[in-house]
Amino acid sequence: MSTKQQPGIPQASSELDAQRNAVVELIKVAPVAEELGERFAAAGHRLYLVGGSVRDALLGRLGTDLDFTTDARPEQVRELLTGWAETIWDTGIQFGTLGAFRRGTTVEITTFRADSYDRVGRNPEVAFGDSISGDLVRRDFTVNAMAIELPARTFVDLHGGMSDLVERRLDTPAAPEDSFADDPLRMLRAARFVAQLGFTPSERVVEAMTAMSGEIARITPERVQVELSKLLCGEFPRRGVELLVSSGLAEHVLPEVPAMKLEIDEHHQHKDVYSHSLTVLDQAIDLERAADPDGEPDLVLRLAALLHDIGKPATRRFESGGGVSFHHHEVVGAKMTRKRLRALRYPKDVINQVSDLVFLHLRFHGYSDGQWTDSAVRRYVNDAGPLLPRLHKLVRADCTTRNKRKANALQRAYDDLEERIDRIAAEEDLAKVRPDLDGNEIMQLLGVDPGPVVGKAWKHLKELRLDRGPMSREEAIAELHRWAREQGIETAGQ
């Protein structure tokens, strides 16, 4: 039995201890779970807490969303919930699932399932079962295939889920080839559970994932995106990404990541871009947690950290003398990022934010010994906009050199840049850089109606504001008239 403690996961000294922990967790959610169990038992039905709820109870992290399974059919479940639950919903009733809410706890109750799959798509032909054993064997992993019968609190573990949980092992109740053929999404879920729980997949699971990775093409982009997001927001996302790449799944869902495994030429040395990107991901998460220890995982930052160098393979050039260049890889990478995230059906705001961070991540490297003008600093802040705090983390995380002297110099340079940003921000409202004249004033001073001329004038004045900092009203008016003359625009009063 493994004795290594995983961060955030209580170490069970034995299966018996784990069982006791589960009972303690169940007591915490009583009387809701026990009430429900007693209600079903009185009607002659069996009810089990099942799946992720049992797993989380054993890990000491049971929440207020509980999953149950029962021999009662959906309409019977509805009758039993009526008068007990504060709210009932049946959006999943075609799959045998009803949901309910009572005293702060959400429950989902699903009739025993004995589904069959055509192994072409993913949707099963729903069939109800008659036993807990038939229900559990169809579940994705052994740690999700345990149940606790209520109200007796009898443990049901037919597939060694307890042992796998204690050993931090991820395995399937049935042969993994059959499990993944039924539902290829389970392969992505394996990588996600590795990232969330820090578990190690069994050898046979990895072998099946590797042999069957192409089957993931049966899964819709939307479902792939959900699993990738959960993976990246896990406690150990690097482990999940490494499993995706080593199994070949990444070639089908995020091919730009394994493509960063560039062959290293002995005459043209450069760092392994793939390994570098994983390190940047680790370091960005460290900075994220340091800034807000109790905050939610930052999906945008994590995506940007993982993808920030995906433009390098397409831009690699071998230089004379043994050097390697990746000119404009941030431009190419931003376009590739946008294309991939669109294909995965990410929301537009996530696509824009991640792509912008990839585009901007190299900008700092033009800053050397404080040689940027105040104008350049303003533009850096203006171009980053609300992404500036994330850009700070990404740029700092991007330093992975083992040369401590170089690493310290880069960190000092960025410290200096942040200090300059703070100083200028104290003197000017950098977060709201606007021209010194607004659109209405521009129209009045130029004697023009709303249209392209106003937008061009506004843009010109904003560029001046970035270059010079705040101007007086008189200076701004003079500059507006000067610009208008250069454009051949006859202005009012001139």
Side-chain angles (χ1 to χ4, degrees), residues 8-10 12 15-113 128-133 135-136 138-158 161-162 165 193 196-197 230 296:
I9 300 178
E15 293 186 10
L16 182 58
D17 287 340
Q19 290 177 348
R20 289 171 180 156
N21 289 341
V23 172
V24 169
E25 291 297 329
L26 280 175
I27 292 172
K28 289 180 181 178
V29 298
V32 170
E34 285 191 298
E35 282 179 8
L36 204 53
E38 289 167 357
R39 195 172 181 88
F40 274 70
H45 293 293
R46 310 187 79 167
L47 183 73
Y48 299 82
L49 187 74
V50 73
S53 294
V54 176
R55 180 199 70 220
D56 289 344
L58 293 169
L59 293 172
R61 44 186 279 175
L62 185 63
T64 56
D65 292 337
L66 305 180
D67 293 325
F68 297 87
T69 189
T70 180
D71 61 347
R73 294 309 191 244
E75 288 305 323
Q76 294 171 316
V77 173
R78 190 201 300 272
E79 291 178 11
L80 288 166
L81 290 174
T82 301
W84 176 83
E86 298 166 23
T87 307
I88 300 172
W89 57 92
D90 61 3
T91 51
I93 196 168
Q94 70 271 31
F95 299 108
T97 300
L98 281 91
F101 180 84
R102 180 174 171 86
R103 292 204 301 272
T105 299
T106 299
V107 302
E108 283 197 349
I109 305 173
T110 302
T111 300
F112 291 158
R113 297 273 290 273
F128 298 136
D130 297 310
S131 68
I132 187 64
S133 60
D135 183 271
L136 294 180
R138 54 170 277 282
R139 293 181 178 265
D140 53 4
F141 301 106
T142 60
V143 294
N144 296 331
M146 296 177 286
I148 302 173
E149 186 170 8
L150 296 171
R153 295 181 182 168
T154 302
F155 274 78
V156 181
D157 180 14
L158 307 177
M162 184 75 77
L165 195 71
F193 283 126
Q196 287 182 326
L197 302 175
K230 289 180 178 179
E296 293 296 318

CA sep, side-chain torsions, deciding dist, call: I109, L36, side-chain contact (heavy atoms from CB on, under 4.5 Å): CA-CA 10 Å; I109 305 173; L36 204 53; 3.8 Å; yes
Closest non-hydrogen atom pair between G96 and F128, with its separation: CA-CE2, 3.7 Å
Side-chain (T110) to main-chain (T69) donor-acceptor, under 3.5 angstrom: no
Non-neighbouring partners of D71 that pass salt bridge (Lys or Arg N to Asp or Glu O under 4.0 Å), sequence neighbours left out: none
T87: partners by side-chain contact (heavy atoms from CB on, under 4.5 Å), with sequence neighbours left out: W89, F101
A43 to L80 - nearest heavy-atom pair and separation: CB-CD2, 3.6 Å
Partner residues of E108 under the side chain to side chain donor-acceptor pair (under 3.5 Å) criterion, sequence neighbours left out: none
Gap separating the CZ atom of F193 from the CG atom of N144, nearest 0.5 angstrom: 4.5 Å
Spatial distance of atom CG (L66) from atom CG (L49) [nearest 0.5 Å]: 6.0 Å
Polar side-chain atom of D157 near backbone of M162 as donor-acceptor pair, under 3.5 Å: yes
Nearest-0.5 Å distance, CG of residue D56 to CG of residue L197: 7.5 Å
From CG (L165) to CG (L58), nearest 0.5 Å: 5.5 Å
Salt bridge (Lys or Arg N to Asp or Glu O under 4.0 Å) contacts touching residues 77-102 (sequence neighbours left out): E35-R102, E75-R78, R78-D90
Under the ring-ring contact (aromatic ring centres under 6.0 Å, His included) test, residues paired with F68 that sit two or more places apart: none
Where L150 and A33 come nearest, the two heavy atoms and their spacing: CD1-O, 3.7 Å
Residue pair R55 / F141, side-chain heavy-atom distance below 4.5 Å: no
A147: side-chain contact (heavy atoms from CB on, under 4.5 Å) partners, not counting sequence neighbours: Y48, V50, I132, L136, V156
Among R113, R73, R46, the one residue meeting salt bridge (charged side-chain N to carboxylate O under 4.0 Å, His left out) with D130: R73
Those residues that, when tested against F40, pass ring-ring contact (aromatic ring centres under 6.0 Å, His included) (two or more places apart): none
Heavy-atom closest pair, residues G99 and L81: O-CD1, 4.5 Å
With sequence neighbours excluded, residues passing side-chain contact (heavy atoms from CB on, under 4.5 Å) with S133: S131, L158
Pairing residues for T142 by the side chain to side chain donor-acceptor pair (under 3.5 Å) criterion, not counting sequence neighbours: D164
Test side-chain contact (heavy atoms from CB on, under 4.5 Å) applied to P151 - qualifying residues, sequence neighbours left out: E38, A41
CG on L98 to OG1 on T111, rounded to 0.5 Å: 8.0 Å
With sequence neighbours excluded, residues passing salt bridge (Lys or Arg N to Asp or Glu O under 4.0 Å) with R139: D135
Residues that T106 engages under side chain to side chain donor-acceptor pair (under 3.5 Å), provided they are two or more places apart: none
